[in-house]
Amino acid sequence: MKAIVFEQHGGCEVLKYREVPRPQAGPNDVVIKVKASACNFNDIWARRGLPGMKILLPHISGSDAAGIVVEAGSEVRNVKVGDEVVVHCGISCRQCYYCTRGEEYFCPEFKIWGFQTGPLDGAHGEYCKVPAVNTLPKPPNLSFEEAATIPLVLVTVWRMLVSRAHIQAGDFVLVWGAAGGLGVMAIQIAKLFNARAIAVASADDKLELCHKLGAEFLLHRKKHDIFQEVRKITDGRRADIVFEHTGAETWPISMQCLKWGGTIVTCGATSGFDAHLDIRLLWNKQQNYLGSHLGNKGELIDAMRFVESGHIKPVVGQVIELKNVGKAQDLMESGAIAGKIAIIPPAA
């Protein structure tokens with residue numbers, strides 16, 4: 001099968017479009033013919049290399065996939081050949097103390113498929129293999145391209161805002177990177193809970209997209225004083241929740257924009273990990289700083305119900321052929337894309 005593979009870390013030039021063996025299903029696995037996959041920032045982290053994390057090489061990235069089951073292992077009962085599925089990318093042991101409590105994101109063996117798994121192994125190929133338990137039915141109201149862009153960002157944001165930050169009606173929610181893959185989900189989940197999204201983006205066309213998705217307030221990152229504007233919007237109260245994932249560059253402003261007793265919830269740090277923290281704000285304002293990770297399959301199932309009902313919609317900014325994954329990553333790194341990028345393999 002054709003796939004995008006890298007055997008060393010570096011820039012997009014290390015990504016090679018080449019032939020690799022098609023994966024074979026183990027007893028509890030399924031093999032999926034990939035109809036579409038998606039790009040996430042963890043693809044870029046894996047390709048660059050992360051200090052303290054071993055990326056197994058050779059590596060196929062891709063933590064989102066939508067496709068058709070073409071092979072099922074001998075012990076698989078919940079999925080059959082011909083089923084249209086999407087993938088929940090959290091891989092865990094399913095046996096430890098945390099897994100048996102439905103908290104697999106705390107499992108000592110927890111990995112994100114297509115990022116920390118390998119050698120090879122991800123969705124950026126014509127076929128992929130996953131444990132059968134990691135599949136869900138593809139929402140029938142979505143195309144394969146739309147379905148492939150949903151699971152990772154949706155379950156991540158659902159866990160951040162619903163499970164961790166306990167979003168409520170009327171909350172002011174400051175959303176950084178609001179036109180990106182995570183941001184477009186955050187706006188829609190805020191709207192779903194009758195919260196008031198304050199969208200921050202770096203271009204007028206991106207802010208227009210945020211408005212269409214339900215953001216009540218629009219702030220241009222390059223033109224507005226974000227702190228002062230948040231104070232005006234909230235009549236001085238500041239934000240109930242700050243949705244963080246950009247990291248060092250925005251963290252000090254996020255703390256300033258947060259109300260007394262408010263919550264910052266973060267799942268990443270694309271602008272850097274070493275953020276300045278004024279601890280006085282933490283105790284004097286009795287603020288809550290929450291880390292969050294990929295949600296579990298149950299959280300994804302809960303969130304997917306709103307996708308199937310049409311209350312949460314995928315935002316596909318561009319569709320790119322598999323052989324051009326390097327171009328897709330470059331668009332993400334430069335911030336030149338709104339929403340998610342769908343990747344399509346060559347026609348059979």
Side-chain angles (χ1 to χ4, degrees), residues 153-154 156-271 275 281-282 285-292 306 311-313 315 317 335 337-340:
V153 289
L154 176 61
T156 299
V157 176
W158 188 269
R159 177 159 178 76
M160 290 174 72
L161 290 179
V162 181
S163 303
R164 297 289 281 149
H166 304 299
I167 190 171
Q168 298 181 51
D171 281 349
F172 286 102
V173 182
L174 178 63
V175 181
W176 291 103
L182 293 167
V184 297
M185 291 294 114
I187 291 169
Q188 293 183 81
I189 290 173
K191 182 181 178 183
L192 184 68
F193 281 80
N194 292 314
R196 309 179 74 183
I198 305 170
V200 183
S202 59
D204 291 334
D205 58 335
K206 291 182 177 181
L207 289 171
E208 179 60 28
L209 169 64
C210 295
H211 177 67
K212 290 178 180 177
L213 293 172
E216 190 171 345
F217 308 98
L218 307 174
L219 299 180
H220 196 299
R221 185 170 173 177
K222 298 176 181 178
K223 297 177 181 178
H224 287 118
D225 182 325
I226 303 301
F227 171 56
Q228 293 299 335
E229 292 298 324
V230 168
R231 290 189 65 188
K232 290 178 188 176
I233 289 167
T234 62
D235 196 24
R237 192 179 85 189
R238 311 184 193 186
D240 298 274
I241 298 171
V242 176
F243 180 85
E244 254 285 356
H245 56 101
T246 49
E249 188 175 320
T250 55
W251 188 266
I253 306 172
S254 293
M255 291 189 296
Q256 289 181 318
C257 289
L258 190 64
K259 77 169 190 177
W260 277 250
T263 297
I264 295 176
V265 60
T266 184
C267 70
T270 53
S271 69
L281 293 174
L282 178 61
K285 292 186 177 181
Q286 301 179 62
Q287 293 175 337
N288 306 290
Y289 299 170
L290 301 178
S292 192
F306 296 100
H311 289 91
I312 296 176
K313 300 180 185 297
V315 180
I337 195 76
K340 291 289 294 290

Item to complete: Supply the atom-to-atom distance Arg238 CZ to Phe172 CZ, rounded to the nearest 0.5 angstrom.
Response: 14.0 Å
Item to complete: Please indicate whether His224 has more than 12 foreign heavy atoms, meaning atoms of other residues, nucleotides or ligands, lying under 6.0 Å from its NE2.
Response: yes
Worksheet item: Ion pair present between Asp204 and Lys223, side-chain N to carboxylate O less than 4.0 angstrom?
Response: yes
Discussion item. Among Glu244, Arg164, Met160, Arg159, exactly one meets side chain to side chain contact (heavy atoms under 4.5 Å, CB included) together with Cys267. Which residue is that?
Written reply: Met160
Worksheet entry | Gly262 backbone acceptor or donor facing Asp240 side chain under 3.5 Å | no
Worksheet entry | Between CZ on residue Arg231 and NZ on residue Lys259, distance to nearest 0.5 Å | 15.5 Å
Worksheet item: Counting heavy atoms not belonging to His211, are there more than 12 under 6.0 Å from its NE2?
Response: no
Worksheet item: Out of curiosity, Ile241 CD1 to Ile264 CD1, how far, rounded to the nearest 0.5 Å?
Response: 11.5 Å
Worksheet item: With side chains defined as the heavy atoms from C-beta onward, is the minimum distance between Val162 and Phe193 less than 4.5 Å?
Response: yes
Worksheet item: More than 12 non-hydrogen atoms from neighbouring residues, nucleotides or ligands closer than 6.0 Å to CG on Asp235, yes or no?
Response: no
Worksheet item: Which atoms form the tightest heavy-atom contact between His311 and Leu192, and what is the distance?
Response: CB-CD1, 3.9 Å
Discussion item. Which heavy atom of Asp171 sits nearest to which heavy atom of His166, and what is that distance?
Written reply: OD2-O, 4.4 Å
Discussion item. Exactly one of Val242, Leu258, Thr263 should register a side chain to side chain contact (heavy atoms under 4.5 Å, CB included) with Tyr289. Which one does?
Written reply: Leu258
Discussion item. So, taking the atom named NZ in Lys191 and the one named CZ in Arg196, what distance separates them when rounded to the nearest 0.5 Å?
Written reply: 14.5 Å
Worksheet entry | Val265 to Ala165 - nearest heavy-atom pair and separation | CG1-CB, 4.3 Å
Worksheet item: Going from CH2 on Trp176 to CD1 on Ile253, what distance comes out if it is rounded to the nearest 0.5 angstrom?
Response: 4.5 Å
Item to complete: Provide the closest heavy-atom pair for Ala201 versus Lys206 in the form atom of the first, atom of the second, distance.
Response: CB-CB, 3.9 Å
Practice prompt. Quick one: closest heavy-atom pair of Leu209 and Ala338, and the distance?
Written response: CD2-CB, 3.7 Å
Fill in: side chain to side chain contact (heavy atoms under 4.5 Å, CB included) partner of Val200, the single match among Val175, Ile226, Leu218
Ile226
Worksheet entry | Minimum-distance pair of heavy atoms, taken over all atoms of Ala239 and Leu174 | CB-CB, 4.2 Å
Fill in: Point-to-point distance, once rounded to the nearest 0.5 Å, from CG of Leu182 to CG of Leu154
10.5 Å
Worksheet item: Heavy-atom distance under 4.5 Å between the side chains of Thr156 and His245, does that happen here?
Response: no
